[in-house]
Colleague: 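My questions all concern the structure below.
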Amino acid sequence: RVTRERGEGENVGLQSRDLHADLFRDKPGSLDHTLAFALAAAILFAIGNSQPIMRLDAQGMRSEATLYDTAAALYAAGMWHVALLVAMTAIVVPAIELFVLLYMLLPLRFGRVPGALAHAFRVAHAARPWGMVDVFLLGAFVSLVKLTQIAEVHVGGALLAIIGYMLLLTFAMASFEPRALWARAE
């Protein structure tokens, strides 16, 4: 048996009478928090994609690469399938996810409902598992450790921005409440 409980303000929840436990509780300010995290994540994502991830100095030679350069180098080396995978999971899908999230939340913040809200919601939901920036970061850290044995490695600002992006997007998704989105759209 489930009861609907009304708390203070708009804080509504569902509670199990048998288990005496919360099944659902609204998150006050959910959409505003999600929007703030998403905007900050978008800024860090732009920085992370425009700056070098790392710089290598080995025997007087210096090399640095952005995320795009990494995918392009893989393509040039004949590994087009890996290049496509890197580009899609580390650049394209995260960009789509951020764009769709902002497309849904920005107009709602200013009292307007975006035209294709339901479609945007489905795209955001479908894109989430395919954005694998965390896997890319893990690979970058493994590479950093291995490369320090043969070259001097300098972490670029992009790597730090991508870490920040990943954390902010995680916070955005944790604070996102779909019920609040649909309630504000009505």
Side-chain angles (χ1 to χ4, degrees), residues 1-51 53 67 85-141 157-186:
R1 292 172 293 176
V2 176
T3 60
R4 185 171 201 88
E5 155 187 308
R6 184 161 300 278
E8 296 178 24
E10 294 182 19
N11 194 6
V12 176
L14 294 178
Q15 193 172 51
S16 166
R17 282 191 261 166
D18 297 334
L19 300 175
H20 303 291
D22 287 342
L23 300 175
F24 166 78
R25 177 141 331 262
D26 276 344
K27 300 172 187 171
S30 164
L31 297 183
D32 292 334
H33 295 146
T34 303
L35 179 58
F37 288 132
L39 284 170
I43 292 167
L44 291 181
F45 186 73
I47 293 169
N49 279 287
S50 63
Q51 301 295 314
I53 299 168
L67 277 173
L85 189 63
V86 168
M88 291 300 292
T89 60
I91 300 169
V92 176
V93 171
I96 290 171
E97 186 177 15
L98 270 174
F99 174 79
V100 169
L101 195 57
L102 293 173
Y103 172 80
M104 291 187 300
L105 295 176
L106 272 172
L108 285 174
R109 178 69 179 101
F110 296 108
R112 293 191 340 263
V113 178
L117 182 62
H119 181 67
F121 184 81
R122 285 191 295 274
V123 169
H125 183 71
R128 185 74 182 133
W130 293 99
M132 298 183 191
V133 174
D134 47 348
V135 174
F136 182 82
L137 280 176
L138 181 61
F141 284 128
L159 190 60
L160 300 175
I162 292 169
I163 291 169
Y165 154 79
M166 187 181 72
L167 291 173
L168 286 169
L169 190 62
T170 301
F171 296 155
M173 297 319 291
S175 66
F176 181 64
E177 182 54 60
R179 287 178 182 91
L181 176 88
W182 298 115
R184 195 176 287 182
E186 290 179 349

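Computation of the quantities below employed the complete heavy-atom set of this structure, encompassing side-chain atoms and omitting hydrogens, waters and symmetry-equivalent molecules.
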Colleague: Just so I know, are the side chains of L44 and I162 near enough to count as touching, which here means a heavy-atom distance under 4.5 Å?
Modeller: no

Colleague: Could you tell me if the side chain of L98 sits less than 4.5 Å from the side chain of Y165, heavy atoms only?
Modeller: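 Yes, side chains in contact.
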
Colleague: Where is the tightest heavy-atom contact between L101 and A38, given as atom of each residue plus distance?
Modeller: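 Shortest heavy-atom contact: CD2-CB, 3.8 Å.
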
Colleague: Can you list everything that forms a side-chain contact (heavy atoms from CB on, under 4.5 Å) with L35? Sequence neighbours excluded, please.
Modeller: L39, L102, L105, L106, R109

Colleague: When rounded to the nearest 0.5 angstrom, what distance separates CG in L117 from CZ in R184?
Modeller: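 That separation rounds to 12.0 Å.
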
Colleague: Closest approach of M88 and P94, non-hydrogen atoms and distance?
Modeller: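 Scanning both residues completely, I find the closest heavy atoms to be O-CD, 3.7 Å.
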
Colleague: Would you call P114 and L108 a side-chain contact if the rule is heavy atoms closer than 4.5 Å?
Modeller: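 Yes, their side chains come closer than 4.5 Å.
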
Colleague: Atom CG of L31 and atom CG of L181: how far apart are they, to the nearest 0.5 Å?
Modeller: 6.0 Å

Colleague: Got a sec, which residues hit side-chain contact (heavy atoms from CB on, under 4.5 Å) with A120, two or more places apart in sequence or on another chain?
Modeller: V100, Y103, M104

Colleague: Looking at every heavy atom in both A118 and W182, which two are closest together, and how far apart are they?
Modeller: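 Minimum heavy-atom contact is CA-CH2, 3.7 Å.
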
Colleague: What pair of heavy atoms forms the shortest contact from S175 to S30, and how long is it?
Modeller: O-OG, 2.5 Å

Colleague: Do you know which two heavy atoms are closest between V113 and A185, and how far apart they sit?
Modeller: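 Heavy atoms of V113 and A185 come nearest at CG2-O, 3.3 Å.
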
Colleague: Anything under 30° is parallel, anything over 60° is perpendicular, the rest tilted; go ahead and classify F171 against F37.
Modeller: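 Plane angle between 30° and 60°, so tilted.
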
Colleague: What pair of heavy atoms forms the shortest contact from A40 to L168, and how long is it?
Modeller: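 Taking every non-hydrogen atom into account, CB-CD1, 3.6 Å.
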
